[in-house]
Amino acid sequence: MKKFYITTPIYYVNDKPHIGHAYTTIAADVLARYHRLKGDEVFFLTGTDEHGSKVAESAQAANKSPQEFCDENSAKFQMVWDRLNISHNNFLRTTSLQHKQGVEKFLNKLKESGSIYESDYQGLYCTGCERFITEKELLDGLCPDHKKAPEVLKEKNYFFKLKDYLPQIAKLINSGELMILPENKKNEVLGLIKQGLDDFSISRESVKWGIKIPFNDSQITYVWVEALQNYITGIGYGADEENFNKFWPADIHLMAKDIIKFHALYWPAMLLAAGLPLPKVIFAHGFFTIDGEKMSKTLGNVIDPEALVDEFGSDAVRYLLLSQFPFGADGDVKAGNFVIQYNSDLANGLGNLTSRVLSMAEKYFDGVVPEKDFEFSDETAGIWHQYEDAMKIFKIDEVIEIIRKFNSFADGYVERQKPWQLAKEDKEQLAKVIYNLLESIRHLALMVYPIMPDVAEQIFKYLNQADWKSHNFKELIDWGVLEPAAKVEKAKALFPRLEK
RNA sequence: CGCGGGGUAGAGCAGUAGCAGCUCGCCAGGCCCAUAACCUGGAGGUCGUGGGUGCGAAUCCCACCUCCGCAACCA
């Protein structure tokens, strides 16, 4: 049995879950479910990133302890994933003991390897905020919160010898051992290496809310350095070595393109230093704009995933988000398009096809499955090939296209065969047609399952295949699983039409 | 100035050398099994601009115009 370990980034609790988080997480869930379907042993990790001065500040502003604040906000993410039917195997919080222990072990490993050294960090420090702030944050040279000029401050930090590892990483990327996808992102990363990057500081003296450097109590691990390690602590590094060894290295780290540098360079460098294998694939998907505008709080165009679930249901939201533009590229989401696409693809497409086929089975054969027919056996096998090829290279949009084509093919078949006429003239042919249509629906349900698990289950139920998971994948994608004489059920609307 | 992405039918997007495609919308037919759903046909594009290479370019090369993202502490 093959293993498949997939991750999303852990999301910063300072933010509320928004549609961008949902996009990444849903995509990861689709891949995770697909691999489970194939029989792989899957570990799907997501979680929340909870340390750092920003969280501490937000907590204080909300008059809460940092831990309280994190508990509440982390719960929001968990709730949204719940509503979106996300099937993660672990939800890792960086404030958990499991994470802390793993981080300590990892940092000690780095220290032992000689890749950490002490040096001075110099930056702009605002005494009001009690933290370093960036030049970008300044307003007319002043801290926007305290209207005070920051002072240049030096503090001792630990640094990681990034430069030592870059040549080796470049080699691994070029050889394909470390795959950066899509292809253009790979070039970008290689470009970054060529530009030259400096060693980075991995600790802070002035920050309080975080994990202490195990070999120096006065230093706190810099938040994103520690956050990256979630990918190993989340599967048991430093706690459950058996599970860790089973699943590491990750088969794919999935994320949005903004954080690719950390995943493609900093993280692999630290892993090399610690003597751990590198993830196989770093996949960065694109950003989307909403109605042509960048998603931003000030513009107020941020879409709340829960509101979408309320309107469309979790299956449809999953489908709609992933079908907006090619996976990996940037794209635009027109909010008004959701209803239109819901109606055309889901209500008129999959929903209507299921409904018309099951209703004909009921009408012409009292819901009893007719004798088997194998007209589409080869064709379907070909479609499954395409489907698997697309999944293999993470082209979720292509998978959706394949499903749509198959759906539309079945609709065309109904039209060509005209079962309502056959009912009067040729019962034998009618039986074949209905069998082929029922099997087609079963295949559609299977294809749709990773994307829309609830609807797939519902279709299987109508087909009297509630126990479909007792078959393995190879059996399921074969033609002719439905047995004659079995009863099928008439369907209720899977996707009720929405009014514009 | 730097790095990266884009400019293809009314809208949103595929297509990286060989007669310009998809979805939605629009128009005209058809059908009646189905969620007023489904099927067929049609209209609609000088593929940002100018040059170059090729038998042949949306697709390669050069220049330009234009939009957008990133640019070290930001998950």
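Both backbone and side-chain heavy atoms feed into the values below; hydrogens, waters and symmetry mates do not. First the proteins, then the strands, lettered A, B, ... as listed; each starts at 1. Every value quoted in this text rests on a predicted model; they were computed, and no experiment measured them.
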- Task: Dump the intermediate steps for ring-ring contact (aromatic ring centres under 6.0 Å, His included) on A/Tyr165 and A/Phe160, then the final yes or no.
- Result: CA-CA 10 Å; A/Tyr165 298 94; A/Phe160 176 74; 5.6 Å; yes
Whole angstrom value for the distance that separates [atom2] of [N] from [atom1] of [X]:
X        : N      : atom1 : atom2 : result
A/Lys490 : B/rU35 : NZ    : C1'   : 12 Å
A/Arg416 : B/rC38 : CZ    : P     : 16 Å
A/Ile403 : B/rC22 : CD1   : C1'   : 16 Å
A/Phe262 : B/rA71 : CZ    : P     : 9 Å
A/Tyr462 : B/rU35 : OH    : P     : 12 Å
A/Ile260 : B/rC3  : CD1   : C1'   : 13 Å
A/Gln421 : B/rC31 : CD    : C1'   : 9 Å
A/Lys261 : B/rC74 : NZ    : P     : 12 Å

What is the pairing partner of [N], taking Watson-Crick or G-U wobble pairs with both distances under 3.5 Å in any strand?
N      : value
B/rC60 : B/rG52
B/rA34 : none
B/rG12 : B/rC22
B/rG4  : B/rC68
B/rA28 : B/rU40

- Message: Closest-nucleotide mapping onto RNA chain B: is A/Ser408 or A/Ser344 further toward the 5' terminus? I mean the 5' end.
- Response: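 Between the two, 5'-proximity favours A/Ser344.
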Checking contacts here: which listed nucleotide ([options]) is nearest the side-chain heavy atoms of [X]?
X        : options                : result
A/Tyr266 : B/rC33, B/rA72, B/rC22 : B/rA72
A/Arg497 : B/rG4, B/rC33, B/rA37  : B/rA37
A/Glu415 : B/rG4, B/rU35, B/rC38  : B/rC38
A/Asp411 : B/rC39, B/rC31, B/rC22 : B/rC39
A/Leu494 : B/rU23, B/rC31, B/rU35 : B/rU35

When rounded to the nearest Å, what value does the distance between [atom1] atoms of [N] and [M] take?
N      : M      : atom1 : answer
B/rA63 : B/rU53 : C1'   : 15 Å
B/rG45 : B/rG54 : P     : 32 Å
B/rU40 : B/rA20 : P     : 23 Å
B/rU8  : B/rC62 : C1'   : 22 Å
B/rC24 : B/rC65 : C1'   : 31 Å
B/rA9  : B/rC22 : P     : 14 Å
B/rG5  : B/rA71 : C1'   : 15 Å
B/rU16 : B/rU59 : P     : 12 Å

Just grab all the salt bridge (Lys or Arg N to Asp or Glu O under 4.0 Å) pairs involving [range], residues at least two apart or on different chains.
range                       : answer
residues 408-435 of chain A : A/Arg356-A/Asp411, A/Arg356-A/Glu415
residues 393-406 of chain A : A/Asp345-A/Arg404, A/Glu401-A/Arg404
residues 23-32 of chain A   : A/Asp29-A/Arg33, A/Asp29-A/Arg318

Minimum side-chain heavy-atom gap [X]-[Y] below 4.5 Å:
X        : Y        : answer
A/Leu353 : A/Ser440 : no
A/Leu107 : A/Ile213 : yes
A/Ile252 : A/Tyr5   : no

- Query: Which residues, if any, of residues 345-368 of chain A bring a heavy atom under 4.0 Å of RNA chain B?
  - Reply: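 Only A/Ala347, A/Asn348, A/Gly351, A/Asn352, A/Ser355, A/Arg356, A/Ser359, A/Met360, A/Lys363, A/Tyr364 qualify.
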- Hey, do the aromatic rings of A/Phe327 and A/Phe394 have their centres closer than 6.0 Å? no
- Item | Anti or syn - B/rG54, cut at 90° from 0 |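 For B/rG54, whose glycosidic angle is within 90° of 0, the conformation is syn.
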- Would you classify A/His21 as touching base, sugar-phosphate or nothing, given that sugar-phosphate means primed atoms plus P, OP1 and OP2, and contacts are heavy atoms under 4.0 Å? nothing
- Check step by step if salt bridge (charged side-chain N to carboxylate O under 4.0 Å, His left out) holds for A/Lys16 and A/Asp304. CA-CA 9 Å; A/Lys16 272 196 313 199; A/Asp304 171 12; over 6 Å; no
- Report yes if at least one side-chain N or O of A/Lys54 is closer than 4.0 Å to OP1 or OP2 of B/rC74; otherwise report no. yes
Can you tabulate the close N/O pairs, meaning under 3.5 Å, that link protein atoms to atoms of nucleotides 10-15 of chain B?
unit_1: B/rC13; atom_1: OP1; unit_2: A/Asp332; atom_2: N; d: 3.2

- Message: Among residues at least two apart in sequence or on other chains, which ones pass side chain to side chain donor-acceptor pair (under 3.5 Å) with A/Asn464?
- Response: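 A/Asn464: no side chain to side chain donor-acceptor pair (under 3.5 Å) contacts found.
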- Distance-only side-chain donor-acceptor flag, A/His99 / A/Gln229, under 3.5 Å: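 No - no donor-acceptor pair under 3.5 Å links their side chains.
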- Task: Tell me, with the steps shown, if A/Glu50 and A/Thr48 meet side chain to side chain donor-acceptor pair (under 3.5 Å).
- Result: CA-CA 6 Å; A/Glu50 310 187 3; A/Thr48 43; 2.6 Å; yes
